[in-house]
Amino acid sequence: MSEAAALPRVSPQPAVATEGRPVRWVLTALAIGFLALFLVLPLITVFAQAFAKGWDAYRAAFDEPDARSAIRLTLTVAAIAVPFNLVFGVAASWAIAKFEFVGKNLLVTLIDLPFSVSPVVSGLIYVLLFGAQGLLGPWLLANDIQIIFALPGIVLATIFVTFPFVARQLIPLMQEQGNAEEEAALTLGASGWHVFRTVTLPNIRWALLYSVLLCNARAMGEFGAVAVVSGHIRGLTNTIPLHVEILYNEYNFVASFAVASVLASLALVTLVIKSGLEWRYSDELAAGARRH
Amino acid sequence: MPEPLRPRRRLMQPSVIPGFGLAFGYMLTCLGLIVLLPLAALVARASGLGLSGIWEVATDPRVAAALKVSFGISILAALTASTFGFLVAWVLTRYDFPGRRVVDAVVDLPFALPTAVAGIALASLYAPNGLVGAQLAKLGIQAAYTPLGIYIAMVFIGLPFAVRTVQPLIVEIDREIEEASATLGADRLHTLTRVILPPLIPAVLTGFALAFARGVGEYGSIIFIAGNLPYVSEIAPLLIVIKLSEFDYKGACAIAVIMLAISFATLLAINLIQAWSRRRFGYV
C-alpha cells in the first residue's frame, strides 16, 4: 500500500523552529514506545512462542505432512498469482501512462477497488459466482469443474486481493517519466517490443521489483479471502495462514507459531529489501519520490 | 460551402507509441473478469433481495450488533491510529535519533505481516496469561476476548495508513514559514496549532478514513483476539463467514453489500477531502 519514498535527512533547524530538547525527547520516547508495544512486541512474540519448547518442537511442526502440503500450496498459489498481477500491472500501466484517453481516472479507481474491499467480501464474491449455489455453480457442476474449495478459487481470491499492487506503483512512475525516450527510440527505428525491453523496462525495473515483493508478501499471507473460498480441507486446500489458524484453534500453539514464524520471517525479509530499495533507488521507485 | 474546421473532441489522443490495443484490451479483460464481474455478481444477488430484504437482515439484532461493533470500534481505533500516527510521522521526519531508519521501516510491519500471524500474536500477548495481558489483568482490565481486543488489533492494522499519509506532507512543510511565525512572536505551540497543523488536516483526515476502512473490513488479525461472542465482540466480516458456513447466502450477501457501500462511501469521502484540499491548499 505504501508508496515508496526514502526518509529524507533531518536538516538542522534553528531553535525557534523546533521544539525544546525535553519536548523532543519525550515525544520521541512516546512514539518509539508506542511502536515497540503495538508493532514490535507482537513480532517478537511469534518467535518467542515458536521456540518456547525448544528447537526440536519447532522442527517437529514442519515434519507434519499437512504443514508441508500447506507450504507447497502457498508457493503454488503465489507462483501463479504474482506473475499474473505482474503482467497485468505492466499492461495496465502501459495503457494508462503512455496514452491519453477519456475515462482514465475511472479505470485507475477501478483497478484500486480491491484494496477497499474487505478480504472476506473478496472471497464471498467468488463463492457467489462459482459456488454450488452460485451463478455458474450448476454449469460447473454439470461439467465437473471445481473452483471453490479447490486451487482455482484460492488463486482467484489471491489475485483479487493483490490486484492493484503492481499497477498502482508503476502508473504514477511511468506517467512522470513521459514518452520522450520511447518516441526517440521509435524514431530511430526500434520495434515496439524492442523499445519496451530496452528503454521502458530498465526505467521501471526497481519499481517493478519493489511492487512484486509487496505483492508476493500479501499473496503468501492472505487469510480472509482465502479462508472463505478454501473450505479448509487439510492437506488439500490449506495454505500456510490457514494451517496456522487450524493449529492455533487446536491449542497446538508451538506448532502454530512455528509455522507462523515462516511467514513472519518472510515479512521481515520483505521489509528489509523494501527499505534497502527505498534507500538506494528512491528516485527510480516512485513518481516525485523526493517531493512526495 | 465547406464546413468550418472545429476541434473535435476525441476519445483518444493520437500517439506514435505502439501496443495500445493489446495493453488496453488485456487490462480491460483482466479487470472485467477478476474484479468487476465477481463484484457485479454480489450486487446482482443483493439487488435480488431488494432494499427491504437488505434492511431486514441489517436490523436483525445479531447483525445490527456486529455492524455496530465493527463500525464503532474501528472509528475509535482510527482516531487512536491517526493521533499516534501523526506523532510517529512527526518524530520520524523532524527529529534525528539513532535507529531512525529502522523505526521508519518498522512502521510498515502491519503491511508485511500476514493478518493471521498478527492475530495469533496479539491474542497470545493480550490473553490473561500473556505478557501484556497479565499486566492489564493486575489493573483489572481484560483485553483479549473483549471489544478492547478488537480495538487493539484495529489500531495495529490501521497505524501505517495514518503514518504514511501524513509523513510526506510533514517533509514538505516550508521551514521558513515556521521561522517567520516565530520571528513575528508566536510561541512554538502557537506556530504548531495555527501554522503547521491546518494544512496537514486533509492528510490526517485521509489517513483516518483509510485506517477506518481497513478496520471495518479486517478479519484475520481480529478474530483470534476478539473472542467472537455474539452481540458483544462479533465483527461483521466474521458474521459473513458464519452465514456462509450455514449456507445463508441471503444474509451473507446483505451484510457484504452494506460493508461494500460503506467502503465506497469512505472512498468517496477521501476523494472529496482531497479535492477540497487541492482547492484550499493547492496540493493533495
Side-chain angles (χ1 to χ4, degrees), chain A residues 1-2 5 7-8 10 16-17 19 24 27-28 31 34-35 38-39 42 45-46 49 88 91-92 94-95 98-102 110 113-114 116 118-121 124-126 128-129 133 135 159-160 179 182-183 186 192 217 221 223-224 241 244-245 248 256 260 263-264 267 270-271 275 292, chain B residues 11-13 15-20 23-24 26-27 30-31 34-35 38-39 41-42 45 84 87-88 91 95-97 104-106 108-109 111-118 120-122 124-125 156 164 168 171 175 178-179 182 188 213 217 219-220 237 240-241 249 252 256 259-260 263 267:
Chain A
M1 287 243 59
S2 69
L7 191 61
V10 178
V16 290
E19 292 75 44
R24 284 207 308 252
L27 291 182
T28 309
F34 180 82
L35 291 178
F38 269 83
L39 305 190
T45 304
V46 174
Q49 296 273 0
F88 165 77
W94 184 265
K98 298 284 176 201
F99 301 89
E100 287 304 324
F101 55 90
V102 174
L110 289 177
L113 210 53
S116 35
S118 166
V120 170
V121 177
L124 171 73
I125 54 177
Y126 289 103
L128 292 178
L129 206 53
Q133 292 186 42
L135 285 178
I159 290 178
F160 183 93
N179 292 353
E182 279 84 358
E183 280 163 3
L186 287 163
F223 178 68
V244 168
E245 181 201 17
Y248 188 85
S256 172
L263 290 174
T270 303
L271 277 187
S275 304
H292 203 82
Chain B
L11 280 177
M12 198 189 149
Q13 300 289 319
S15 167
V16 294
I17 308 271
F20 178 75
F24 189 80
Y26 184 72
M27 167 182 70
C30 292
L31 185 66
I34 302 279
V35 178
L39 281 174
L42 169 64
R45 260 294 171 94
F84 279 91
L87 173 70
V88 169
V91 167
Y95 307 154
D96 211 357
F97 52 91
D104 184 62
V106 162
D108 280 335
L109 194 63
F111 283 150
L113 197 67
T115 56
V117 178
I120 60 169
L122 289 172
S124 82
L125 208 51
F156 173 86
R164 296 302 187 216
V171 173
R175 280 292 166 72
E178 287 172 59
E179 286 168 33
R188 190 60 191 160
Y219 176 69
I240 294 180
V241 174
Y249 281 57
M259 295 188 52
L260 212 55
S263 312
L267 264 189

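Chain letters run A, B, ... following the sequence lines, proteins first and then strands; every chain starts at 1. For clarity, every value in this text was computed on a predicted model and none was experimentally measured.
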Region of [X] that comes under 4.5 Å of a non-hydrogen atom in chain B:
| X | answer |
| --- | --- |
| A:Leu113 | side chain |
| A:Glu245 | both |
| A:Phe88 | both |

Quiz item: Are B:Ile17 and A:Trp94 close enough, and set up right, to give a side-chain contact (heavy atoms from CB on, under 4.5 Å), and what steps lead you there?
Solution: CA-CA 10 Å; B:Ile17 308 271; A:Trp94 184 265; 3.4 Å; yes

Self-check item: B:Arg45 side, atom CZ; A:Leu129 side, atom CG - distance, nearest 0.5 Å
Solution: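 Between B:Arg45 CZ and A:Leu129 CG, I get 10.0 Å after rounding to 0.5 Å.
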
Quiz item: Should A:Phe101 and B:Leu11 count as side-chain neighbours, where that means a heavy-atom distance under 4.5 Å?
Solution: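 The answer is no, as the side chains (C-beta and beyond) never meet within the 4.5 Å cut-off.
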
Self-check item: A:Pro241 and B:Thr115, any side-chain heavy atoms less than 4.5 Å apart
Solution: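 Counting from C-beta outward, B:Thr115 and A:Pro241 never come under 4.5 Å.
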
Quiz item: Among A:Ser116, A:Ser275, A:Gly224, A:Pro114, which residue forms the greatest number of heavy-atom pairs with chain B at distances under 4.5 Å?
Solution: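 Result: the option with the highest number of such pairs is A:Ser116.
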
Quiz item: If you count heavy-atom pairs under 4.5 Å with chain B, which of A:Thr45, A:Leu110, A:Leu39, A:Leu27 comes out on top?
Solution: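 When all of A:Thr45, A:Leu110, A:Leu39, A:Leu27 are compared, A:Leu39 has the most.
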
Determine the option with the most heavy-atom pairs under 4.5 angstrom with chain A, choosing from [options].
| options | value |
| --- | --- |
| B:Ala213, B:Ala41, B:Pro237 | B:Pro237 |
| B:Val88, B:Leu125, B:Asp96, B:Leu42 | B:Leu125 |
| B:Ala118, B:Ala23, B:Ser15, B:Gly220 | B:Ala23 |

Give me the atom names and distance for the closest heavy-atom approach of [X] to [Y].
| X | Y | answer |
| --- | --- | --- |
| A:Leu128 | B:Tyr249 | CD2-CD2, 3.7 Å |
| B:Met12 | A:Glu100 | CG-O, 3.3 Å |
| A:Ser118 | B:Gly217 | OG-O, 2.7 Å |
| B:Ile120 | A:Ser256 | CD1-OG, 3.6 Å |
| B:Ala112 | A:Ala217 | O-CB, 4.5 Å |
| B:Ser124 | A:Tyr248 | N-OH, 4.1 Å |

Exercise. Check whether the ring centres of B:Phe24 and A:Phe99 lie less than 6.0 Å apart, and answer yes or no.
Key: no

Heavy-atom distance under 4.5 Å to chain A: side chain of [X], backbone, both or neither?
| X | value |
| --- | --- |
| B:Ala105 | both |
| B:Leu260 | side chain |
| B:Ile34 | both |

Quiz prompt | Those residues that, when tested against A:Thr28, pass side chain to side chain contact (heavy atoms under 4.5 Å, CB included) (two or more places apart) | solution =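 Scan of A:Thr28 (side chain to side chain contact (heavy atoms under 4.5 Å, CB included), adjacent residues dropped) gives A:Ile32, B:Val91, B:Tyr95, B:Phe97.
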
Self-check item: Contacts of A:Phe38 that satisfy ring pair (Phe, Tyr, Trp, His ring centres under 6.0 Å) - sequence neighbours left out
Solution: A:Phe34

